[in-house]
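So the structure is just underneath, and the comments pick up after that.
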Amino acid sequence: MLLNKRISILDFIKTIKVDIVLISSYAVVVGIFDQYGFLDKISVPIGVTAVFGTAVALLLGFRTNQAYERWWEARIIWGAIVNDSRTLVRQCVSFFERSNESYEALVGEMANRQIIWCYALGESLRKLPFSHRVIKYKESNKTEAFNIPNALLSEHSETLLKAKEKGMVNDFQQVQIDSTIARLCDSMGKCERIKNTVFPKAHSLLIHLIIYVFATMLPFGLSDEYLAVEIGLTIGIPIIFIAIEKTSILMQDPFENQPLDTPMTDLAETIEINIRQMIGETDVPEKKKPTDYYVL
């Protein structure tokens with residue numbers, strides 16, 4: 001995530017500045033000609049404008065609802081990842097035979113790999129270059145695969161099998177830990193589904209077109225008595241619709257490194273701190289202040 005501040009009104013306005021300029025220019029020009037020029041004879045019944053406004057409101061309501069569902073589902077999935085990451089390490093700490101000489105090595109291996117997995121998953125979903133710590137892990141463990149997070153889960157299973165062969169876990173404990181790994185894999189697949197399912201572009205184009213048709217008709221359905229009021233309404237109402245549409249566009253893709261992105265880096269840092277404390281590390285880094293990414 002690109003985070004160094006919360007998204008501000010100014011930042012948001014910048015994303016719709018082209019629409020603001022176009023609609024404002026149209027409103028001023030048409031308002032003046034409608035008040036003093038040859039457009040004063042043109043009149044559109046307010047009922048027609050109201051129909052288009054209602055259509056826009058219904059389409060925006062559907063679009064915003066669908067976008068929020070995608071954003072909220074992504075947040076729920078990462079909440080499950082936080083819980084399952086803690087559960088995985090807790091199971092390793094509790095189930096592995098402490099008297100075995102490989103106990104600390106295998107628990108530390110599972111814990112460290114799970115931390116790397118969380119960072120690697122977030123970076124791969126955003127299609128960003130892997131961070132230094134992920135690259136270092138790949139090089140030291142010779143992990144080569146198209147899907148690095150999936151390869152890390154496979155390494156979890158191999159370590160679990162190694163622990164079983166050493167007699168560190170029984171069959172029931174192996175099944176319990178493997179179930180947790182399976183849930184992590186399931187969460188990864190859900191994230192990839194959201195990432196790879198594109199919201200229909202035709203729907204966005206239709207909404208945008210109707211908003212502009214509505215903005216075109218609006219000044220001819222308003223009273224010509226006050227020019228400032230006519231221009232203000234012609235600018236304000238369509239811009240509100242466009243702002244709602246832009247908000248839904250930002251929310252519909254929660255893994256695109258956008259201001260409204262799911263806070264995966266922040267969650268991965270939380271997971272890292274929790275895991276390091278669970279395995280008994282004393283030199284645990286404090287949680288960073290939100291200066292490197294947007295926080296929701």
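Among residues two or more places apart in sequence or in another chain, the salt bridge (Lys or Arg N to Asp or Glu O under 4.0 Å) test is passed with K162 by none. Applying the side chain to side chain donor-acceptor pair (under 3.5 Å) test to T54 and every residue at least two apart in sequence or in another chain returns nothing. Under the rule for a side chain to side chain contact (heavy atoms under 4.5 Å, CB included), the partners of S102 that lie at least two apart in sequence or sit in another chain are N100, L106, K166, M168. Not counting sequence neighbours, the partners of Q91 by the side chain to side chain contact (heavy atoms under 4.5 Å, CB included) test are T87, F95, Q176, I177, T180. Residues passing the side chain to side chain donor-acceptor pair (under 3.5 Å) test with E73 are R193, sequence neighbours excluded. Y137 is linked by a side chain to side chain donor-acceptor pair (under 3.5 Å) to R113, E155, counting only residues two or more places apart in sequence or in another chain. Scored by the ring-ring contact (aromatic ring centres under 6.0 Å, His included) test, F214 finds F241 as partners (sequence neighbours excluded). Applying the side chain to side chain donor-acceptor pair (under 3.5 Å) criterion to N147, with sequence neighbours excluded, gives E192.
Atom OG of S187 and atom CG of L184 lie 6.0 Å apart (nearest 0.5 Å). How far CG of L128 is from CD of E123: 7.0 Å, rounded to the nearest 0.5 Å. Here CE of M217 is found 4.5 Å from OG1 of T49. Values are rounded to the nearest 0.5 Å. Here the CD1 atom belonging to I32 is positioned 6.5 Å from the CG atom belonging to L227, to the nearest 0.5 angstrom. Atom SG of residue C92 and atom CD of residue E109 lie 10.0 Å apart, to the nearest 0.5 angstrom. In this structure, I273 CD1 and I115 CD1 are separated by 10.0 Å, a value rounded to the nearest 0.5 Å.
Within the structure, the salt bridge (charged side-chain N to carboxylate O under 4.0 Å, His left out) test picks out no pair touching residues 204-217 (sequence neighbours left out). Pairs of residues two or more places apart, or lying in two chains, that qualify as salt bridge (charged side-chain N to carboxylate O under 4.0 Å, His left out) and include a residue from residues 167-181 are K164-D171. Among residue pairs with one or both ends in residues 170-192, none qualify as ring pair (Phe, Tyr, Trp, His ring centres under 6.0 Å); sequence neighbours excluded. Residue pairs satisfying the salt bridge (charged side-chain N to carboxylate O under 4.0 Å, His left out) criterion with at least one member in residues 57-72, sequence neighbours excluded, are listed as follows: R70-D253.
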Tell me, with the steps shown, if I242 and I20 meet side chain to side chain contact (heavy atoms under 4.5 Å, CB included). CA-CA 9 Å; I242 289 175; I20 293 176; over 6 Å; no
Show, in sequence, the C-alpha distance, side-chain angles and deciding distance for R90 and S85, and conclude whether the side-chain hydrogen bond (donor to acceptor under 3.5 Å, both in side chains) test is met. CA-CA 9 Å; R90 183 178 295 108; S85 296; over 6 Å; no
Quick one, L125 with M264, criterion side chain to side chain contact (heavy atoms under 4.5 Å, CB included). Give me CA distance, side-chain angles, the key distance, then yes/no. CA-CA 10 Å; L125 288 173; M264 294 181 286; 3.7 Å; yes
E256 vs K195, test: salt bridge (Lys or Arg N to Asp or Glu O under 4.0 Å). Steps then yes/no. CA-CA 8 Å; E256 291 296 323; K195 175 71 176 182; 2.8 Å; yes
Chi angles and distances behind the side chain to side chain contact (heavy atoms under 4.5 Å, CB included) call for T64, M251: CA-CA 8 Å; T64 302; M251 292 178 63; 5.5 Å; no
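Side chain of E139 to main chain of K136: no donor-acceptor pair is present (N/O by atom type, distance under 3.5 Å, no hydrogens or angles). Of the possible polar contacts, one joining the S248 side chain to the E245 backbone as a donor-acceptor pair under 3.5 Å is found. Checking side-chain atoms of Y103 against main-chain N and O of V93 turns up a donor-acceptor pair under 3.5 Å. In this structure a side-chain-to-backbone donor-acceptor pair under 3.5 Å is missing from W117 to L152.
Taking 4.5 Å as the limit, every side-chain heavy atom of E269 sits out of range of all side-chain heavy atoms of N274. With a 4.5 Å cut-off on side-chain heavy atoms, L218 and P238 count as touching. With contacts defined as side-chain heavy-atom distances shorter than 4.5 Å, the pair R133/Y119 qualifies. Side-chain contact check for V30 versus T216: every heavy-atom pair is 4.5 Å or farther apart. A 4.5 Å side-chain heavy-atom check between Q173 and F96 finds every atom pair outside the cut-off. With a 4.5 Å cut-off on side-chain heavy atoms, H156 and L160 do not count as touching. Side chains of V169 and E97 form no contact here, defined as non-hydrogen atoms less than 4.5 Å apart. Put simply, the side chain of L22 does not reach to within 4.5 Å of the side chain of Y26, judged on heavy atoms.
Listed here is the closest heavy atom pair of I231 and G31: CG1-CA, 4.4 Å. W78 approaches C191 most closely through the heavy-atom pair NE1-SG, 3.7 Å. Nearest heavy atom pair, residue V198 against residue K201, reads CG1-CE, 4.2 Å. When all heavy atoms of E230 and T234 are compared, the closest pair comes out as O-OG1, 2.6 Å. Listed here is the closest heavy atom pair of R75 and P263: CD-CD, 4.4 Å.
Put simply, L153 and L161 are part of two different groups of oily side chains (I, L, V, M, F, W, Y) that touch within less than 4.5 Å, one to the next. There is a path of hydrophobic side-chain contacts, each under 4.5 Å, that joins L233 to I23. No continuous path of ILVMFWY side-chain contacts below 4.5 Å connects V51 to V48, so the two sit in separate hydrophobic clusters. Transitive grouping of hydrophobic side chains (ILVMFWY, heavy atoms separated by less than 4.5 Å) keeps L209 and L205 in distinct clusters. Under a hydrophobic-cluster definition in which Ile, Leu, Val, Met, Phe, Trp and Tyr are linked whenever side-chain heavy atoms come within less than 4.5 Å, directly or via other members, I235 and I13 are assigned to the same cluster.
A tilted orientation is assigned to the rings of Y212 and H208, their planes being inclined by 30° to 60°.
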